Amino acid sequence: MTRVPETAADLVEFRRWVVRQAASGAMTGADTETTGLDTFARHYRLRTVQIGDARDAWVLQVEGRPEMQEAARWALLTLPRLVFHNATFDLLVLDRHLRAPLEELGPKSTDSKIIAHLFDPRPRHEGGYGLKLKDLCARDVDPSAPDTQEDLTAVFHSIGETKDTGWAKIDINHPTYLQYAGLDAILVSRLLPVLEARLRKAGVRESLVSFEHAVMLVCAKMERRGMLVDQDYVRPLVGRLEEEAALHAGRASKYGVTSVNAPKQVSTALLAMGETLILPGNSKPERTDSGALKVDKEVLQYLADVDREWKRIGARTPNPLADAVLRSKRAGKWAKSYGVAMRDGIDDAGRIHPKINSLQARTARMSISSPPLQQLPSGDWTIRRALLPEPGHRIFSVDYSAVEMRVLAALADEGVMKRAISEGRDLHGFTAELIYGPDYTSFHRKLCKGVGFGKVYGGGSVTLSRQTGAPLPDVKKAVAAYDRTYRGIKRYSSRLQREARADGYIVWTPVGRRLPLDRDRVYAATNYAVQSTARDVLCQALLDMEDRGLTEHLYLPIHDECLGSAPEEIAEDVAREVGAAMSMDFFGVPLDTDPEVGGSSWGSLYMKKAGTMIANDSWYAAHPQAAHAAELARA
DNA sequence: CCAGGCAGCCAC
DNA sequence: AAACGTGGCTGCCTGG
């Protein structure tokens, strides 16, 4: 039953319930309703706080009501154990909008999404149990439960709003809204014991559960800190990128392409120009999964006669439409996905707070969204230049050296490879020398590097041949030689696959993580184990850094890297200490780090690399003020 | 009209 | 024998 306190007498009753619940020591379900997902945005509001057990829920309408806020805050601080679904979100909302500190609520909170992920990390559409509260409850709590989410969406539509915008506008007294709110607190209370029992039964250890909750809290602190945006840089940047996108879109329109993002238009127009869309060495054009003609970057770059670095090849006459589409799409993506996201995503203090999903992928890898800072263009400093360390600080980055190869060597216990790594050899050069002798060429080294990546990713010779441009027979020979040289890797890979088949298509990693495999892609077992373990290595480092008091310097984890800042005078020392926390011995393999201290923007760490397609220099000549801002980062 | 699938592209 | 992995996000397009 859902109760919505109105009077002072109602609140007295609520407080009595809280006291009883606290005394029992039981787990309490908790949830919030807000105006949206952008917790740090200017006009963000916390609307309701829900607290409940398996039977009853209290919905406190805290929006604009100090006495309700105080009651909710007191209850959350008083209750000894809380369970949220996707706790980071609610904890940060409560930290910022209810003055209930992350440091207080975090340590006593359980995240049912973490428990679900540790049993089966797959969303429903990938054949898993699902990770959304609704998916899980439909299965484990009450298959016949009313679909309040759908009802609520219908209400949003009835008031002229959408699934995304209704949250801020719906009447706080709307019965469907209140029912939906209360039900989630009840559902999460009922769900947790079921998930925990299943996790125990599957043999996943308790230490992994606490590990993930500790990682979640460190990441929540980073998310709360956020990162400063250089607004004087990013505003003109967006304008410039939009201009560039429009300029090239105009060129494309001369060939009948009204939208460069419509592949069908692009392929039709190219065919009309007499292009066959057949890549060199092929007999047929590439097609997408649904059978449409493929006009992706690879095809267009061939037609535009440029290589992957946008340099002119000279093999054919460049197709002007392909060139225009490429340039317009790239400038458009940079403007919208990165520029606008940074420009419009800031809080009152000019900071963005990218969401750090600490336990996300099937392999447990993290992801970062809103904006996606893990995937800003890295060949050029243009976009990263928009993000700044604290005033007077320097930005730093510490990454692992070839961590996935090293983790693979350790997991496979591949003696020859482990020795080469321990001796500090250049691994790919070492491999090339073993296979091709002391006179190996740089191409041999590149090939060996590719074969190594193929092992990590589970790729085959055909893919590798395409990527490197090396003839298929040569690649096959190299792969065979690699397997002979590093027998441990093939042995490990076969063993993982054999065990997985015998054990319900599950790969178990060294931390005791359970990774489900797709039956038709058992070869991915090695990649899963390596990617997942490399992720756990970085997370362990995050916890070590938390213990050393370094979290306050960190902005983001990026797969094999930590980004942070520190005051100019101590930046070198802090970066070194972060490197020391990250460095470790992993089953006899040293995991080394490479600390790098930059200047006063993230872009400063990417300025050695020359600009590529976008004509920075000429544009800056026309915009001296922005040029000056860019110079500051260079210094 | 919106939700969701597809195609494409950004990262590690 | 051979099999490239994990995400986020935007615009287009279509089905409901």
Side-chain angles (χ1 to χ4, degrees), chain A residues 121-123 125-126 150 153-154 156-157 160-166 245 249 258-267 286-301 325-326 328-338 340-341 354-355 357 360-380 383-384 399-400 402-404 408 450-467 476 479-480 493 497 515 517-518 520-532 534-535 538 556-561:
Chain A
R122 295 169 298 179
H125 61 85
E126 281 181 33
E150 265 178 30
T153 306
F156 290 173
H157 289 160
E161 299 293 333
T162 70
K163 207 178 162 190
D164 296 325
T165 61
T258 57
S259 169
V260 294
N261 289 308
K264 192 151 181 252
Q265 282 189 31
V266 174
S267 58
E286 305 272 317
R287 297 204 174 254
T288 68
D289 287 343
S290 62
L293 287 167
K294 204 165 202 173
V295 277
D296 64 0
K297 199 169 163 180
E298 188 186 6
V299 174
L300 293 178
Q301 283 187 326
V325 170
L326 277 168
S328 180
K329 278 170 77 173
R330 178 152 118 156
K333 181 175 175 67
W334 285 26
K336 198 88 169 82
S337 295
Y338 310 130
V340 171
K355 295 190 179 304
N357 312 299
Q360 174 68 13
R362 181 186 297 213
T363 57
R365 247 191 181 197
M366 301 190 196
S367 73
I368 295 180
S369 55
S370 311
L373 295 197
Q374 278 177 331
Q375 58 210 62
L376 301 186
S378 62
D380 180 290
I383 299 294
R384 295 185 195 236
D399 65 346
Y400 285 111
V403 69
E404 289 187 327
L408 176 59
V451 176
F453 272 108
K455 296 297 166 194
V456 168
Y457 289 145
S461 302
V462 174
T463 310
L464 191 53
S465 164
R466 279 185 62 120
Q467 277 174 357
K476 284 188 168 165
V479 171
S493 203
Q497 295 185 38
L515 303 180
L517 276 174
D518 297 333
D520 54 343
R521 295 192 309 152
V522 179
Y523 62 86
T526 311
N527 169 258
Y528 283 11
V530 169
Q531 189 181 100
S532 185
R535 176 271 186 193
L538 185 70
L556 295 173
I558 310 180
H559 302 314
D560 68 341
E561 171 191 357

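Please read all numbers here as calculations on a predicted model, not as lab measurements. All values below come from the heavy atoms of this structure, side chains included, with hydrogens, waters and symmetry mates left out.
- Counting any heavy atom pair closer than 4.0 Å across all strands shown, A/Leu373 reaches no nucleic acid atom.
- Side-chain atoms of A/Arg384 come within 3.5 Å of backbone atoms of A/Leu376 as a donor-acceptor pair (strictly under, hydrogens ignored).
- Checking the phosphate oxygens (OP1, OP2) of C/dG5, no side-chain nitrogen or oxygen of A/Arg362 falls inside 4.0 Å.
- At distances below 3.5 Å, not a single donor-acceptor pair connects side-chain atoms of A/Gln497 with backbone N or O atoms of A/Ala525.
- Among the atoms of the strands shown, only primed sugar atoms or phosphate atoms (P, OP1, OP2) are found under 4.0 Å from some heavy atom of A/Val295.
- Within the 4.0 angstrom heavy-atom criterion, only backbone atoms of the sugar-phosphate kind lie near A/Val462; the bases stay farther away.
- Protein chain A contacts DNA chain B from B/dC2 to B/dC12, reading 5' to 3' and using non-hydrogen atoms of the protein with a distance under 4.0 Å.
- Counting any heavy atom pair closer than 4.0 Å across all strands shown, A/Leu376 reaches sugar-phosphate atoms only and no base atom.
- The structure places CG of A/Leu373 at 12.5 Å from NZ of A/Lys355, a figure rounded to the nearest 0.5 Å.
- A/Arg122 has its CZ atom 17 Å from the C1' atom of C/dG7, to the nearest Å.
- Residue A/Gln374 is classed as a sugar-phosphate contact, given heavy-atom separations below 4.0 Å to backbone atoms only.
- Contact check, A/Ser370 against C/dC9: a side-chain N or O comes under 4.0 Å of OP1 or OP2.
- Residue contacts for A/Tyr528: at a heavy-atom cut-off of 4.0 Å it reaches the sugar-phosphate backbone alone, with no base atom in range.
- A/Thr363 places no side-chain N or O within donor-acceptor distance of the main-chain N or O of A/Ser532, the cut-off being under 3.5 Å.
- The backbone N or O of A/Val325 sits nowhere less than 3.5 Å from a side-chain atom of A/Ser328 that would complete a donor-acceptor pair.
- The distance from atom NE2 of A/His157 to atom P of C/dG16 is 17 Å, rounded to the nearest whole Å.
- A salt bridge is defined here as a Lys NZ or Arg NE, NH1 or NH2 lying under 4.0 Å from an Asp or Glu carboxylate O, and A/Asp380 with A/Arg330 fails to meet this definition.
- Computed from coordinates, the A/Asp520 CG to C/dG5 P distance equals 11 Å when rounded to whole Å.
- For C/dG7, its base sits under 3.5 Å from the side chain of A/Gln375 at one donor and acceptor pair at least.
- Within the 3.5 Å criterion, the main-chain N or O of A/Ile368 finds a donor-acceptor partner in the side chain of A/Gln374.
- Remark: the backbone N or O of A/Val456 is paired with a side-chain donor or acceptor of A/Asn527 at under 3.5 angstrom.
- Judged by distance alone, the side chains of A/Gln265 and A/Ser259 never bring a donor and an acceptor atom under 3.5 Å apart.
- For C/dG8, the OP1/OP2 oxygens have a side-chain nitrogen or oxygen of A/Gln360 closer than 4.0 Å.
- Neither OP1 nor OP2 of C/dG7 sits under 4.0 Å from any side-chain N or O of A/Arg535.
- Between the C1' atom of C/dG7 and the NZ atom of A/Lys355 lies a distance of 17 Å, rounded to the nearest Å.
- If you check every strand for non-hydrogen atoms under 4.0 Å, A/Ser369 touches sugar and phosphate atoms only.
- The A/Gln497 side chain lies nearest to C/dA3 when the options are C/dG5, C/dA3, C/dT6.
- The main-chain N or O of A/Ser461 is never found under 3.5 Å from a side-chain atom of A/Ser465 such that the two would form a donor-acceptor pair.
- Taking atom NZ of A/Lys336 as the reference point, atom C1' of C/dC12 lies 14 Å away to the nearest angstrom.
- Regarding A/Asp289, its CG atom lies at a distance of 17 Å from the C1' atom of C/dC13, rounded to whole Å.
- For A/Arg330 and C/dT10, the CZ to P distance is 18 Å, given to the nearest whole Å.
- Counting to the nearest Å, the C1' atom of C/dA3 and the CG atom of A/Leu517 are 13 Å from each other.
- At the phosphate of C/dG11, neither OP1 nor OP2 sits under 4.0 Å from any side-chain N or O atom of A/Lys333.
- Remark: A/Ser259, A/Asn261, A/Ala262 in residues 259-267 of chain A come within less than 4.0 Å of DNA chain C through at least one heavy atom.
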